[in-house]
Amino acid sequence: MDVSHLIDDLNDAQRQAVTLDDGHCLVLAGAGSGKTRVLVHRIAWLIQVEHVSPMSVLAVTFTNKAANEMRGRVEELLQIPSSGLWIGTFHGICHRILRLHSAEANLNPTFQILDSDDQYRLVRRTIREMQLDEGEFPPRVVQGFINARKDDGVRPDHIEHHGNPLTMQMVEIYRIYQGACERSGLVDFAELMLRTVELLRDNPNRLRHYQDRFSHVMIDEFQDTNTLQYALVKLLAGGARTRVFVVGDDDQSIYGWRGAKVENVQHFVNDFKPEIVRLEQNYRSTQTILEAANRVIDHNEDRMGKNLWTEGEQGDPVRVFSAYNEDEEAEFIVGRIQDWLESGRKPSEVGVLYRSNAQSRLFEQALLRADIPYRVYGGLRFFERAEVRDALGYLRLVHNPLDDAAFERVVNVPARGIGERTVAGLREAARAQDISLWDATRRQLAAGNLTGRARNALGAFVELIEMLRAEAGETDLGGIMGRIIKRSDLIQHYLAREPADRAEARQENLDELVRAAENFDQSMEDEQAGLSQTASFLTQAALEAGEHQGEKWQDCVQLMTLHSAKGLEFPLVFMAGMEEGLFPHQKSVEEPGRLSEERRLAYVGMTRAMEFLYLSYAESRRLHGQTMFGRPSRFVGELPPELIEDIRPQLNVSQARAPRASGGGLPSLGARVRHAKFGAGTVLTIEGQGDNARIQINFDDAGQKWLVAGYATLEPE
DNA sequence: AATATGCTAGTTTTT
DNA sequence: CTAGCATATT
């Protein structure tokens, strides 16, 4: 069989990785070095050349997008459907394993996935039930605590609280929250992983089964794995003949704050003694861009070491623009985009990257004024929208009466006169008898424990759900979904409560939801696992929240955070807001170890650019309602001068705009002043007027001080 | 139960 | 400044 197509267009390093015929492998894949290609060709090579059964290959990614792309490309290369081959996200794979062995995992066979929004609600509910102060135990923080413990593989009993009462209380919330999940048959995202690891750890037979089955385990974006994911890899790789092939880039590890452990790359080297292959040839960017990115990342310590190069052109210098303020920065960028479009190139070839979402507004406004189409990444995805979640809440309750989270969500949406007091009574009854809210409601009704209004309202609600449940038995998924939306009166609810355009958008999304249900095709695996059509649909809604914005692909300028940009590429890239405090973010500067992650983020941003790269910063910026004077980001300073073109050389703030402080009156914002004791500094803030004014000054040597104008003697410098 | 007002905090995100 | 949330009011 001719297999040359599998290796012909690969470079030496890529080919070495693809054809490696023994042992484990770590591919250190630089940005734009063709790592997906290597993974895909590796899988094809194993199957076609080494005659490995597709059943024996497990390929794991972090996102559905990556999994889908990999599957598509494998099928394209092999020219056959990739049946038997397991390709999926960590969570998708774990979900599958848990479905297959729900009994051994001590899970209700009809368990459903609790997504972050419903997890948050359940955690908040738990805190309230425990009569704890939400100020002292913010649900967000507790949710993060629980997930972080789970990501570390830790159950409440094993958390070291060192007698710290706050920690002990959080552990207790974790415990009670977990109990509520179990009773309702709900599994959160982290739990999918943790249960699977526990299942395999405590079940030697099951473990051996998977170890025997998977002779090849491949992991994408290995630098993003957390403790639990690494544990899973180690378990699966415990089999004598299992070979592990991981691809990653320590320089692109930007998710440490959510539990990713770059150290896993080093651990992998120590634990598995893999062959290490470096992919350093880049097929994306110009020499200049790569050199600049290399020089920035070079300031980090403890790297595995890697130097990107290209056979491509030198290219233009990296352009650095120093704007007077954030408005001028946005104007500049939009002006350059206009030039780009006038030269005949496309909006979709442009990426505007920034550190935090709040920065998008400026660019949205400026692009709107210039009438340039744009798309902002982030925000809610289809299955995360409130109306979709509300409708799915009904489906969940219809499907599983034990699902208290779903019950809470829909019992009074739309408002049907079931108030907080009524629901509180139901919760108490449910807890007292250790039954679900649904059963408690039915018993309360049957026992005649409820008074007039509440009884009628709850009676109608129960009737509604039971009617839907009866109908569910007689029609298909699309039919049920349609009836849920019709009978629940959700659309009326939005129309009455919200402005027309908003409500119409919700209505369209609900129509879309019905269409999605109608067109839903259950996978063979789900069917074999004994899942109902509805259960599959709900699972997919939780596990794959859908496209961002759900809009059809348009030719738009792409606005996104640096984090979202990972994995993407654009001919023209702007990195905006390159200021100390903003990027690197202040919080990352303060916490040790976080700065190098910020630098990796800068590296990720720069390596998105194919042809042209602009970095810009504003000398003054309104932030939290105050005008701040920042310094350019240290990352700008780390660029080699010979690769840079300064579009506007940085001016001293006082020369640029600010009139000099004049005797008598108040100095201007940004003015340079001199104080007898503190020396020279820059005026940051002025509050009030005349002699009572308070002036904040950033002294070059003494740091930031607040002074009162009437007492402090300030000389213009 | 829906609306008005006041207060506070303010990175990054996938599953 | 402003969005999101909690409390107060009708």
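Proteins come first, then strands; the chains are lettered A, B, ... in the order of their sequence lines, and each starts at number 1. Source: prediction; values computed, not measured.
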K.L.:
Output yes if the stacking criterion (under 5.5 Å between centres, under 30° between planes) is met for A:H585 over the base of B:dT11, else no.
P.N.:
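The base of B:dT11 is stacked with A:H585 (centres under 5.5 Å, planes under 30°).
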
K.L.:
Nearest-Å distance, NE2 (A:H563) to P (B:dT13)?
P.N.:
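Spelled out: NE2 on A:H563 to P on B:dT13 is 7 Å.
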
K.L.:
Should A:N357 be listed as having a side-chain N or O under 4.0 Å from OP1 or OP2 of B:dT11?
P.N.:
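No.
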
K.L.:
Starting from P on B:dT13, measure out to CD on A:Q119 and report it in whole angstrom.
P.N.:
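Computing the A:Q119:CD to B:dT13:P distance gives 18 Å.
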
K.L.:
At a heavy-atom distance below 4.0 Å, which nucleotide of DNA chain C is the first touched by chain A, and which is the last?
P.N.:
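Result: C:dC1 to C:dA6.
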
K.L.:
Nearest whole Å is fine: how far is B:dT11 C1' from A:E598 CD?
P.N.:
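For the pair A:E598 CD and B:dT11 C1', the rounded distance is 8 Å.
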
K.L.:
Which residues satisfy the salt bridge (charged side-chain N to carboxylate O under 4.0 Å, His left out) test with A:E364, sequence neighbours excluded?
P.N.:
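Salt bridge (charged side-chain N to carboxylate O under 4.0 Å, His left out) check on A:E364 returns nothing, list empty.
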
K.L.:
Could you check A:Q223, A:R600, A:R303 and say which one makes a side chain to side chain donor-acceptor pair (under 3.5 Å) with A:D251?
P.N.:
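Result for side chain to side chain donor-acceptor pair (under 3.5 Å) with A:D251: A:R303.
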
K.L.:
Can you name the salt bridge (charged side-chain N to carboxylate O under 4.0 Å, His left out) partners of A:R73, sequence neighbours left out?
P.N.:
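Partners of A:R73 by the salt bridge (charged side-chain N to carboxylate O under 4.0 Å, His left out) criterion, ordered by chain and then number, come out as A:E69.
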
K.L.:
Students often get this wrong, so: under 4.0 angstrom with heavy atoms, is A:N147 touching a base, only sugar-phosphate, or nothing?
P.N.:
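Nothing: the residue A:N147, judged by heavy atoms under 4.0 Å, touches no strand.
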
K.L.:
Please report the distance, rounded to the nearest Å, between NE2 in A:H624 and C1' in B:dT11.
P.N.:
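Taking NE2 of A:H624 and C1' of B:dT11, I get 10 Å after rounding.
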
K.L.:
Is it the case that over 12 heavy atoms from other parts of the model lie below 6.0 angstrom from the CZ atom of A:R453?
P.N.:
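Check fails, neighbour count at 12 or below.
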
K.L.:
How far does the P atom of B:dT11 sit from the matching atom of C:dG4, given to the nearest Å?
P.N.:
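To the nearest whole Å, 13 Å.
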
K.L.:
Using only side-chain N and O atoms of A:N412, determine if any of them is under 4.0 Å from OP1 or OP2 of B:dA1.
P.N.:
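For A:N412, the contact criterion (side-chain N or O under 4.0 Å from OP1 or OP2 of B:dA1) is met.
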
K.L.:
Kindly indicate whether the side chain of A:T63 and the base of B:dT15 share any N or O donor-acceptor pair separated by less than 3.5 Å?
P.N.:
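Looking at the base of B:dT15, it does not pair with any donor or acceptor on the side chain of A:T63 (distance under 3.5 Å).
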
K.L.:
Rounding to the closest angstrom, what is the interatomic distance between C:dC5 and B:dT12 at atom P?
P.N.:
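After rounding to an integer number of Å, I get 15 Å for this pair.
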
K.L.:
Which residues satisfy the salt bridge (charged side-chain N to carboxylate O under 4.0 Å, His left out) test with A:K587, sequence neighbours excluded?
P.N.:
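A:K587 satisfies salt bridge (charged side-chain N to carboxylate O under 4.0 Å, His left out) with no residue once adjacent residues are dropped.
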
K.L.:
Grab the CE-P distance between A:M560 and B:dT13 for me, whole Å please.
P.N.:
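For the pair A:M560 CE and B:dT13 P, the rounded distance is 11 Å.
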
K.L.:
Rounded to whole Å, how long is the line connecting atom CG of A:L595 with atom C1' of B:dT12?
P.N.:
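My rounded result for the distance is 15 Å.
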
K.L.:
Between B:dT13 atom P and A:L380 atom CG, what is the distance in whole Å?
P.N.:
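To the nearest whole Å, that distance equals 13 Å.
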
K.L.:
Looking at A:S564, does any N or O in its side chain come under 4.0 Å of the phosphate oxygens OP1/OP2 on B:dT13?
P.N.:
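Looking at the OP1 and OP2 atoms of B:dT13, one of them is under 4.0 Å from a side-chain N or O of A:S564.
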
K.L.:
Let's see if you get this right: which residues in residues 95-102 of chain A place a heavy atom under 4.0 Å from DNA chain B?
P.N.:
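Hits under 4.0 Å, by residue number: none.
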
K.L.:
Start at the 5' end of DNA chain B and walk down; is the nucleotide closest to A:H91 or to A:E597 reached first?
P.N.:
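Looking at DNA chain B, the more 5' nearest nucleotide goes with A:E597.
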
K.L.:
Mind checking A:D115 for me? I need base, sugar-phosphate or nothing, with any heavy atom below 4.0 Å counting as a touch.
P.N.:
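If one applies the 4.0 Å heavy-atom cut-off, A:D115 turns out to touch nothing in the nucleic acid.
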
K.L.:
Tell me if a side-chain donor or acceptor on A:R608 pairs with a main-chain N or O of A:V604 at a distance below 3.5 Å.
P.N.:
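Checked: pair present.
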
K.L.:
Go through the structure and list residues passing side chain to side chain donor-acceptor pair (under 3.5 Å) with A:R124, not counting sequence neighbours.
P.N.:
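Partners of A:R124 under the side chain to side chain donor-acceptor pair (under 3.5 Å) test: none.
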
K.L.:
With heavy atoms under 4.0 Å as the rule, sort A:S116 into base, sugar-phosphate or nothing.
P.N.:
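Base, at least one base heavy atom under 4.0 Å.
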
K.L.:
What nucleic acid atoms does A:E134 come within less than 4.0 Å of, heavy atoms only: base, sugar-phosphate, or nothing?
P.N.:
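Sugar-phosphate, backbone atoms only, no base.
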
K.L.:
Rounded to whole Å, how long is the line connecting atom CG of A:L568 with atom P of B:dT14?
P.N.:
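Atom CG in A:L568 sits about 11 Å away from atom P in B:dT14.
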
K.L.:
Which part of the nucleic acid, if any, lies within reach of A:R594 when heavy atoms closer than 4.0 Å are counted: base, sugar-phosphate only, or nothing?
P.N.:
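The answer is base, as A:R594 lies within the cut-off (heavy atoms under 4.0 Å) of a base atom.
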
K.L.:
Salt bridge (charged side-chain N to carboxylate O under 4.0 Å, His left out) with A:E420: which residues, sequence neighbours excluded?
P.N.:
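Per chain and number, A:E420 pairs via salt bridge (charged side-chain N to carboxylate O under 4.0 Å, His left out) with A:R427.
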
K.L.:
NA contact type, A:F583, heavy-atom cut-off 4.0 Å: base, sugar-phosphate, or nothing?
P.N.:
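Here A:F583 touches no strand at all.
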
K.L.:
If the condition is side-chain contact (heavy atoms from CB on, under 4.5 Å), which residues does A:A293 pass it with, not counting sequence neighbours?
P.N.:
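If we apply the side-chain contact (heavy atoms from CB on, under 4.5 Å) test to A:A293, skipping adjacent residues, the hits are A:Y603, A:M606, A:T607.
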
K.L.:
Using the closest heavy atom to pick a nucleotide of DNA chain B for each, name whichever of A:I418 or A:W257 lands nearer the 5' end.
P.N.:
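Result of the comparison: A:I418.
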
K.L.:
Just wondering, do A:S588 and A:R355 contact through their side chains at under 4.5 Å, heavy atoms?
P.N.:
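A side-chain contact under 4.5 Å exists here.
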
K.L.:
A:L100: what forms a side-chain contact (heavy atoms from CB on, under 4.5 Å) with it, not counting sequence neighbours?
P.N.:
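Checked A:L100 against side-chain contact (heavy atoms from CB on, under 4.5 Å); matches are A:W86, A:Y210, A:A529.
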
